[in-house]
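Nothing here was measured: the structure is a model prediction, and the numbers come from that model. For reference, positions follow the sequence shown, starting with 1. Any value given below was found using the heavy atoms of this structure, including those in side chains, with hydrogens, waters and symmetry copies removed.
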Amino acid sequence: MRLYHSEKTKARRAQTELHDGALVTPYECPERVDLVLEGLRAQGLVEVHEPDEYGLEPVLAVHDRDYVAFLADCWEQWQAEGHAGEAIPNIWPARSMRADRLPASIAGRLGYYALACETSICPGTFEAAMASKDVALSALERVLASGEPAFGLCRPPGHHAASDQFGGYCFFNNAAIAAQRARDAGRRRVAVLDIDFHHGNGTQQIFYARDDVLVASIHGDPAQTFPYFLGYADERGEGRGQGCNLNLPLPQGSGFARWAEALDEALAWIAEARCELLVVSLGVDTYAGDPISAFCLASEDFPEVGRRLAGLGLPTLFLLEGGYAVAEIGTNVAGVLCGFERA
């Protein structure tokens, strides 16, 4: 399996995250990349390639132009207005306020474009997001050209990024960008399967009214966990997209047996839809030791995840999302990819 990675994805090194009422060092950190690479190399997955650069055109195919411009300029404008720390939103256009005007102040625009306040914008954020989507697109091009699987070591992750909002450590939605690119390349129908512990709210929002990109997600019940306001089982799509969205929320503490049942259900649904390409939003924060998640998969379970994914028989693109039990993230990612390769 060919792997794509860029050191530019480490350009973002945020110092601040609001977690459990305290300001902490973010769980999403550059070291995750090195640990994934170590885990892959330990399993003999050593063919790592630099990505090509694709510019903003693929980003603008799924993201709002003004939102992208905001991300490009946010840090500089935050500094220009004299703010001392990292750019963190502290107000939103909430239900009792107006949401039809974009404030001139960068503090107001942060709230307009943010869906949560745990994710700060710091130096290198835009550069890392650009490199991350280039990793995703380069891996996709490999799959499209060869039919062989590929893995994009994306960082920052992407599945929480909506068409015009960031949060959950995500700025550009790498999976959505790749799925749209595949459609533009002629693939009739694409499936995005999100197996991160947290619901991929951004991916769902981007494709919710479409029938050419199906989205399935297995995740913690949003009644109990982030992102709370999306990811329920009754969200099946709208308009042409009715029936093209599948959410399989599971209770906290779910182990592999229950989780695997949901995976089999999602795979059967994708197979029935006769999709031509599978994009896997590969989060390994389903691991029992993950510090900000609540499922109970063991490292020994991840190869079986890969084997079941391979059983679908589709050209497959893997893109890294979450996984924050830092010591084990490389082992668990390698487990999925090796299980797929050796199925």
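- None of Leu277, Val280, Asn173, Thr203 except one satisfies the side chain to side chain contact (heavy atoms under 4.5 Å, CB included) rule with Val192; the exception is Thr203.
- Of all the heavy atoms in Ala61 and Gln180, the pair that sits closest is CB-CG, 3.9 Å.
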Exercise for the section: Verify side-chain contact (heavy atoms from CB on, under 4.5 Å) between Glu53 and Lys8, making sure each step is shown before the conclusion. Expected result: CA-CA 12 Å; Glu53 295 183 1; Lys8 294 178 182 177; 3.1 Å; yes
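- Between the side chains of Thr125 and Arg12, at least one donor N or O lies within less than 3.5 Å of an accepting N or O.
- When every heavy atom of Ala176 is checked against every heavy atom of Val62, the shortest pair comes out as O-CG1, 3.8 Å.
- Under a 3.5 Å cut-off, the side chain of Glu341 and the backbone N or O of Met1 do form a donor-acceptor pair.
- Taking the six-membered ring for Trp and thresholds of 30 and 60 degrees, Phe166 and Phe70 have nearly parallel ring planes, at less than 30 degrees apart.
- Distance check, rounded to the nearest 0.5 Å: SG of Cys244 to CD of Glu238 gives 11.5 Å.
- In this structure, the side chain of Glu321 engages the main chain of His159 through a donor-acceptor pair within 3.5 Å.
- Scanning all heavy atoms of the two residues, the minimum distance from Pro149 to Val143 falls at C-CG2, 4.2 Å.
- Nearest heavy atoms, Gln165 versus Tyr112: NE2-O, 4.1 Å.
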Practice task
Could you walk me through whether Glu276 and Arg189 pass salt bridge (charged side-chain N to carboxylate O under 4.0 Å, His left out), step by step?
Solution key: CA-CA 6 Å; Glu276 297 177 357; Arg189 205 172 215 192; over 6 Å; no
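- Enclosure of atom CZ in Arg236 by more than 12 non-hydrogen atoms of other residues, nucleotides or ligands within 6.0 angstrom is indicated.
- Expressed to the nearest 0.5 Å, how far CD of Glu118 lies from CD of Glu28 amounts to 11.0 Å.
- Classification of Lys10 and Glu31 as a salt-bridged pair fails, no side-chain N sitting under 4.0 Å from a carboxylate O.
- When Arg187, Arg183, Arg188 are each tested for a salt bridge (Lys or Arg N to Asp or Glu O under 4.0 Å) with Asp212, only one passes: Arg183.
- The hydrophobic cluster containing Leu230 does not contain Leu248, counting ILVMFWY residues as joined when their side-chain heavy atoms lie under 4.5 angstrom apart, directly or transitively.
- No hydrogens or angles considered: a donor-acceptor pair under 3.5 Å links the side chains of Asn332 and Ser299.
- Partner Phe318 forms a side chain to side chain contact (heavy atoms under 4.5 Å, CB included) with one of Leu309, Leu278, Val279 and no other, that one being Leu309.
- Counted by atom type alone, Glu235 and Gln204 present one or more donor-acceptor pairs between their side chains at under 3.5 Å.
- Side-chain contact check for Pro157 versus Asn174: every heavy-atom pair is 4.5 Å or farther apart.
- Test Val333, Val33, Val135 against Leu320 for side chain to side chain contact (heavy atoms under 4.5 Å, CB included) and you get one pass: Val333.
- Defined by atom type and a distance below 3.5 Å, a donor-acceptor pair is missing between the side-chain atoms of Trp269 and Glu265.
- The closest side-chain heavy-atom distance from Val68 to Asp64 is not below 4.5 Å.
- Between Glu17 and Ser120, the side chains place no donor N or O within less than 3.5 Å of an acceptor N or O (distance only, hydrogens not considered).
- In terms of modelled atom types and a separation under 3.5 Å, the side chain of Arg32 and the main chain of Gly323 share a donor-acceptor contact.
- Using a distance-only test at 3.5 Å, with no hydrogens or angles considered, no donor-acceptor pair links the side chain of Arg240 to the main chain of Asp211.
- A centroid separation of 6.0 Å or more is found between the aromatic rings of His219 and Phe197.
- The shortest distance between side-chain heavy atoms of Thr286 and Ile195 does not fall below 4.5 Å.
- Checking side-chain atoms of Glu86 against main-chain N and O of Gln15 turns up a donor-acceptor pair under 3.5 Å.
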Practice task
Please report the C-alpha distance between Ser163 and Gln205 in whole Å, then the side-chain angles of each, then the deciding distance to 0.1 Å, and finally whether the side-chain contact (heavy atoms from CB on, under 4.5 Å) criterion is met.
Solution key: CA-CA 7 Å; Ser163 58; Gln205 180 263 337; 3.0 Å; yes
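- Within the 3.5 Å criterion, the main-chain N or O of Gly237 finds a donor-acceptor partner in the side chain of Tyr208.
- If you look at Phe226 and His160, their ring centroids are closer than 6.0 Å.
- Taking every heavy atom of both residues into account, Tyr54 and Ser138 meet most closely at CE1-OG, 3.4 Å.
- Going from atom CG of Leu71 over to atom CG of Asp164 covers 10.5 Å, rounded to the nearest 0.5 Å.
- No option in Phe126, Tyr113, Phe171 other than Tyr113 meets the ring pair (Phe, Tyr, Trp, His ring centres under 6.0 Å) test with Tyr67.
- Annotation: His19 is in aromatic contact with Tyr27 [ring centroid separation under 6.0 Å].
- Within the 4.5 Å cutoff, no side-chain heavy atoms of Trp259 are placed close to those of Asp301.
- No donor-acceptor contact under 3.5 angstrom links the side chains of Asp196 and Ser281, judged on distance only.
- The pair Glu38-Arg41 does not count as a salt bridge, with every side-chain nitrogen at least 4.0 angstrom from each carboxylate oxygen.
- At least one donor-acceptor pair closer than 3.5 Å links the side chain of Arg155 to the backbone N or O of Thr9.
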Practice task
Under the side-chain contact (heavy atoms from CB on, under 4.5 Å) rule, what do Phe207 and Arg210 come out as? Steps first, then yes or no, please.
Solution key: CA-CA 5 Å; Phe207 296 119; Arg210 291 173 52 171; 3.6 Å; yes
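- The closest side-chain heavy-atom distance from Leu319 to Leu140 is not below 4.5 Å.
- How far SG of Cys338 is from CZ of Phe302: 13.5 Å, rounded to the nearest 0.5 Å.
- Outside the 6.0 Å centre-distance limit, the rings of Phe295 and Phe256 are not counted as a close aromatic pair.
- Looking only at distances, no side-chain donor or acceptor of Trp92 sits under 3.5 Å from a matching main-chain atom of Cys117.
- Looking at Asp194 and Ile218, their side chains never come closer than 4.5 Å, going by heavy atoms from C-beta outward.
- With a 4.5 Å cut-off on side-chain heavy atoms, Arg308 and Leu267 count as touching.
- Hydrophobic clustering of Ile, Leu, Val, Met, Phe, Trp and Tyr side chains at less than 4.5 Å, counting indirect connections, unites Leu144 with Ile177.
- Looking at Leu153 and Leu37, their side chains come closer than 4.5 Å, going by heavy atoms from C-beta outward.
- The CG atom of Asp290 sits 7.5 Å away from atom NE2 of His198, with the distance rounded to the nearest 0.5 Å.
- Separating the CG atom in Leu312 from the CG atom in Leu193 is a distance of 8.5 Å, to the nearest 0.5 Å.
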Practice task
List the steps and the verdict of side-chain contact (heavy atoms from CB on, under 4.5 Å) for His63 and Phe172.
Solution key: CA-CA 8 Å; His63 286 293; Phe172 292 154; 4.1 Å; yes
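- Here Tyr169 and Tyr324 bring their ring centres to under 6.0 angstrom of each other.
- The two residues Gly111 and Pro93 make their nearest non-hydrogen contact at O-CD, 3.6 Å.
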